[in-house]
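Here is the structure we will look at.
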Amino acid sequence: MSHFVLIDGNSIANRAFYALPLLSTSTGLHTNAVLGFTTMLLKVIEEMKPTHIMVAFDAGKVVFRHSEYADYKGGRAKTPPELSEQFPLIRELLDAFSIQRFELEGYEADDIIGTLTKRADEQAWKTTVITGDKDMLQLVSEHVSVALTRKGVSEIELYTPQEIQDKYGLAPLQIIDLKGLMGDTSDNIPGVPGVGEKTALKLLHEYGSVEEVLANVDRVSGKKLQENLRENVDKAKMSKELATILREAPVELNVQETGYDGYDGALLSEFFKRMEFKSLLSKIKVDAPVEGEGQAANAAPFHFEVVTEESAAKFAEKLTSPMAFYVEMDGDNYHHAPIIGFGLSADDVNLYVPWDQAKEWKAFSQWLEDSTKEKWTFDGKRDTVGLAWHDQDIKGIGFDVYLASYLLNATESNPTLDSIASQYAQVRVRSDDEVYGKGAKRLLPEEDVISEHVAHKAAAIWQSVPVLREQLAENKMNELLNDLEAPLSMVLALMEKQGIKVNRDRLAQMGVDLDAKLEGLTKQIYELAGQTFNINSPKQLGEILFDVLDLPVLKKTKTGPSTSADVLEKLSPYHPIIDAILTFRQLGKLRSTYIEGLTKEIHSKSSKVHTLYNQATTATGRLSSTEPNLQNIPIRMEEGRKIREAFIPSEEGWYMLAADYSQIELRILAHISGDENLIDAFQKGMDIHTRTAMDVFGVEEGEVTSLMRRQAKAVNFGIVYGISDYGLSQNLNITRKEAGDFIERYFSVFSGVKLWMEEIVKQAKQDGFVTTLLNRRRYLPDIRSSNFNLRSFAERTAMNTPIQGTAADVIKLAMIRMQDSLQEKGLKSRMLLQVHDELVFEVPQDELEMMKQLVPEVMESALKLDVPLKVDVSFGHTWYEAK
DNA sequence: GGTGTCACG
DNA sequence: ACGTACGTGACACCG
């Protein structure tokens with residue numbers, strides 16, 4: 001049986017736009033209306049099984065109603081640009097779906113739909129209209145239903161004549177009379193003043209139509225209502241006319257031409273990839289062979305083989321170059337995770353090798369260790385370290401899809417193989433959560449499920465590489481991958497596997513001291529509060545401070561009054577409990593995170609901690625460190641700094657050596673902004689905060705007070721972060737006006753910095769992204785937003801990212817050179833840690849003098865800038881002493 | 001799993 | 001008028 005579905009394109013797009021948050025792709029394309037439209041279409045296709053579909057759009061400026069009533073739709077807000085730019089995408093979406101769309105110069109979608117439903121009705125076709133506009137209910141008849149969207153576009157409510165009768169007590173055509181009397185503000189249909197839905201319905205139940213109401217106005221109850229009706233006869237008649245949908249528009253589209261027989265899965269998945277609709281991608285492929293003709297993109301069946309003891313010899317010749325390679329492990333932490341097996345893929349083969357089999361397969365380990373056999377991987381660092389724990393070398397990693405996809409879009413942190421596959425490959429890879437379950441539900445599935453999953457992964461890598469290569473070349477990022485990130489990943493692999501020695505007994509001893517102090521503080525706090533409570537609970541603490549002790553609330557969070565340290569510091573004079581709480585918090589943090597947390601991370605095999613450097617997490621290009629995070633070991637407070645005493649060399653008689661860049665971010669700012677004053681300050685080797693204070697406060701070097709220097713330092717930080725008067729005022733505890741004055745004075749002295757900041761924001765608005773010196777890219781989708789907050793945030797990011805990101809580029813380059821240098825010189829010294837602007841080494845005594853020279857030399861010459869880079873070196877028996 | 005807090009650069 | 005400093009990760013609550 002035929003089923004004709006007509007969709008009010010403008011209405012649905014509007015609904016979707018306002019119902020969904022303003023989503024956008026990594027490159028800044030807004031997509032929320034497109035997404036809403038898509039979900040609606042998928043739902044309609046699945047549930048209504050239409051044989052014919054047509055989507056109508058408004059077109060042209062002069063809608064015929066305008067000539068009759070100048071104010072028509074005048075009250076409607078202008079379409080925001082974020083929505084209008086999505087209409088072309090929605091048209092593309094419909095083309096990808098192979099759905100007919102139609103628009104007619106000078107007519108609204110309503111009228112096109114009105115006309116076509118009439119024609120369909122005449123042929124007694126089953127017809128459904130999808131819209132968000134209640135006016136359309138007038139089209140309902142024996143054969144025509146109207147589906148109104150509710151709650152955005154996710155749910156629909158179907159109206160037949162019976163439902164309209166039940167809900168309004170009216171026949172469908174009386175909807176026009178209803179609008180004529182009550183009007184519609186969204187369409188600027190005036191209606192009769194003082195008549196709303198209730199009155200209009202009452203009148204219609206009694207008299208049936210606008211004309212009859214007006215003819216019987218004397219009998220209408222209510223003096224005021226009678227008066228309103230008498231005085232607005234013309235308005236009522238005109239309103240009815242405006243609300244009437246045209247059924248005779250000159251639509252030259254035959255109903256038969258709207259036939260729908262399924263979508264082209266390949267076209268649609270192409271479009272979804274471009275829109276970054278990841279969850280929808282999997283949906284359509286499963287459903288793809290709709291109604292015969294629509295062919296799924298991945299129709300070719302996936303074929304793979306499992307390598308067994310018997311078949312191994314046969315497959316040895318399949319170990320070629322290049323070849324995609326994946327190591328499946330049972331767990332995320334590859335310092336601990338057992339290896340499950342390997343996936344291998346090339347044009348003519350997909351293999352799965354179980355770990356037990358791989359261990360026995362000589363040809364395979366030879367292939368792994370052969371640097372001339374090029375491997376394409378997903379996270380070569382993970383493969384390298386994971387295998388190293390099993391004494392298996394791997395050489396010849398030629399491409400890393402993990403790093404490549406991160407460089408193409410650093411905002412999507414930690415790309416997973418399933419998402420990479422959905423963007424760059426044809427094969428679908430299930431997510432690990434789906435295959436293994438997550439959290440407590442995690443378990444290993446049957447062997448054949450695993451082997452297929454792993455083979456899919458290798459195939460996805462194989463298929464993704466050419467696409468990724470092409471896109472990297474387009475963005476001119478080949479060097480960034482090949483000369484920076486890829487070699488760095490191998491340096492990081494060494495550092496992670498090497499690990500750093502932690503003195504467990506020293507930590508335990510500090511723990512005992514802390515326990516005693518915390519116990520004392522707890523007692524003290526309970527006494528001052530007059531009761532016991534959980535000091536670690538912000539909620540309970542808030543009740544004690546602000547209800548029991550009645551202290552003033554200075555700042556609020558979403559859930560209640562804030563108890564953060566900056567608030568507590570201001571409350572300190574009011575009550576002695578505050579200082580006790582601050583100390584409790586400080587020591588509690590040391591105990592839980594740095595004593596207990598760190599101790600748990602000591603590896604059973606090596607007695608060291610082996611961090612995981614994440615090379616694809618941050619939006620700026622920095623590394624991050626987890627399990628444990630070794631980039632946030634305390635240093636600012638002396639009590640915390642003592643934690644560093646537990647970090648020691650792994651060999652007797654060696655030293656810890658630390659080297660950090662001095663003011664690297666401001667030096668980079670000097671270079672990229674070209675500000676003469678800032679460059680001059682660094683070339684003269686001055687203390688930059690003192691110099692800033694001199695310039696901003698207009699004093700001589702000797703006259704700079706410590707307060708002035710502190711304020712200048714805060715201004716310098718603010719500059720790097722993308723300054724705002726509000727942020728600076730918060731930091732310095734001064735008024736916004738004062739902060740604004742500081743900034744103004746700063747910019748008048750460092751005018752080159754000001755110019756650069758204006759320029760970078762302008763450029764970001766134009767391109768939609770900013771770059772670092774080594775062409776690392778960060779997209780800023782919100783930079784053109786009409787939302788002040790989002791836009792401001794993006795503007796500050798535009799200023800900060802080139803600075804922070806270039807600093808990351810520089811130290812990464814230095815690390816590669818450093819490792820090369822150590823190897824080339826045959827030194828035993830080892831690079832252990834990177835903390836954003838600092839490198840930490842362990843060094844044998846007889847290399848100490850050499851390393852004190854070599855490390856700063858390599859770091860300072862990593863990248864040639866217009867200002868010198870400066871590195872400070874220190875050493876000692878522990879990390880604490882290297883200060 | 002979200003929120004608040006706090007450790008680092 | 002708007003209401004945040006930039007970039008991270010770990011821990012403790014709490015529903």
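Quick note on labels: first sequence line is chain A, next is B, and so on, each numbered from 1.
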Inset, instruction - Please report the C-alpha distance between F742(A) and F747(A) in whole Å, then the side-chain angles of each, then the deciding distance to 0.1 Å, and finally whether the ring pair (Phe, Tyr, Trp, His ring centres under 6.0 Å) criterion is met. - result: CA-CA 9 Å; F742(A) 281 164; F747(A) 277 142; over 10 Å; no

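Contact between the side-chain N/O atoms of K539(A) and the OP1/OP2 oxygens of dG15(C) is found at a separation under 4.0 Å. At the phosphate of dC8(B), OP1 or OP2 sits under 4.0 Å from a side-chain N or O atom of R636(A). Between N536(A) and dC11(C) there is no side-chain N or O to OP1 or OP2 distance below 4.0 Å. In terms of phosphate contacts, S724(A) brings no side-chain nitrogen or oxygen within less than 4.0 Å of OP1 or OP2 of dT4(C). Look at T801(A) and you won't find any side-chain N or O under 4.0 angstrom from OP1 or OP2 of dC6(C). For dT5(B), one of the phosphate oxygens OP1 or OP2 lies less than 4.0 angstrom from a side-chain nitrogen or oxygen of S562(A). At dA5(C), none of the side-chain N or O atoms of R796(A) fall inside 4.0 Å of OP1 or OP2 (strictly under the cut-off). Contact annotation: S624(A) does not reach the phosphate of dG7(C) (side-chain N/O to OP1 or OP2, under 4.0 Å).
Contact annotation for A807(A): no contact, since no heavy-atom pair falls under 4.0 Å across all strands. If you check every strand for non-hydrogen atoms under 4.0 Å, D837(A) touches sugar and phosphate atoms only. Using a 4.0 Å heavy-atom criterion, one finds that E627(A) contacts the sugar-phosphate atoms exclusively. Within the 4.0 angstrom heavy-atom criterion, no nucleotide atom of any strand lies near S792(A). Residue I803(A) is classed as having no contact, given no heavy-atom separation below 4.0 Å to the nucleic acid. Residue Q540(A) is in sugar-phosphate contact alone, with no base atom involved, counting any heavy-atom pair closer than 4.0 Å across all strands shown. At the heavy-atom level, G722(A) lies nowhere under 4.0 Å from the strands shown. Using a 4.0 Å heavy-atom criterion, one finds that A565(A) contacts the sugar-phosphate atoms exclusively. Residue N614(A) is out of contact with every strand shown, counting any heavy-atom pair closer than 4.0 Å.
When rounded to the nearest whole Å, the span between CG of N800(A) and C1' of dT8(C) equals 12 Å. Across the protein-nucleic acid pair, I595(A) atom CD1 and dC11(C) atom P stand 13 Å apart, rounded to whole Å. In this entry the distance linking NZ of K555(A) with P of dT5(B) reads 8 Å, nearest Å. Distance CD (E795(A)) to P (dT4(C)): 16 Å, rounded to an integer number of Å. Rounded to whole Å, atom C1' of dG4(B) lies 15 Å from atom CZ of F584(A). Protein atom CG of L669(A) is 13 Å distant from nucleotide atom C1' of dC6(C), rounded to whole Å. Counting to the nearest Å, the P atom of dT8(C) and the CG atom of N629(A) are 12 Å from each other. Atom pair K812(A):NZ and dG7(C):C1' shows a separation of 13 Å (rounding to whole Å applied).
Under the 30°/60° scheme for interplanar angles, the aromatic rings of H603(A) and H336(A) are found to lie parallel. Note on ring orientation: taking the six-membered ring where Trp is involved, the planes of H689(A) and F717(A) are parallel (angle under 30°, cut-offs 30° and 60°).
For N414(A) and Y406(A), the side-chain atoms include no donor-acceptor pair closer than 3.5 Å.
A cation-pi geometry, defined here as NZ or CZ lying under 6.0 Å from the six-membered ring centre and within 45° of its normal, does not hold between R736(A) and Y726(A). A cation-pi arrangement, defined by a distance under 6.0 Å to the six-membered ring centre and an angle within 45 degrees of its axis, is present between R442(A) and Y436(A).
Q540(A) contributes no side-chain N or O that, together with a main-chain N or O of I535(A), makes up a donor-acceptor pair within less than 3.5 Å.
Atom NZ of K497(A) and atom OH of Y334(A) lie 12.0 Å apart (nearest 0.5 Å).
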Protein-nucleotides 1-3 of chain C N/O pairs under 3.5 Å:
| residue | atom | partner | partner atom | Å |
| --- | --- | --- | --- | --- |
| dG3(C) | O6 | R736(A) | NH1 | 2.8 |
| dG3(C) | N1 | R736(A) | NH1 | 3.0 |

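With a 3.5 Å limit on both pairing distances and Watson-Crick or G-U wobble geometry required, the stems of 3 or more pairs in DNA chain C span B:1-9 with C:6-14.
Partner L863(A) forms a side chain to side chain contact (heavy atoms under 4.5 Å, CB included) with one of L774(A), I811(A), D809(A) and no other, that one being L774(A).
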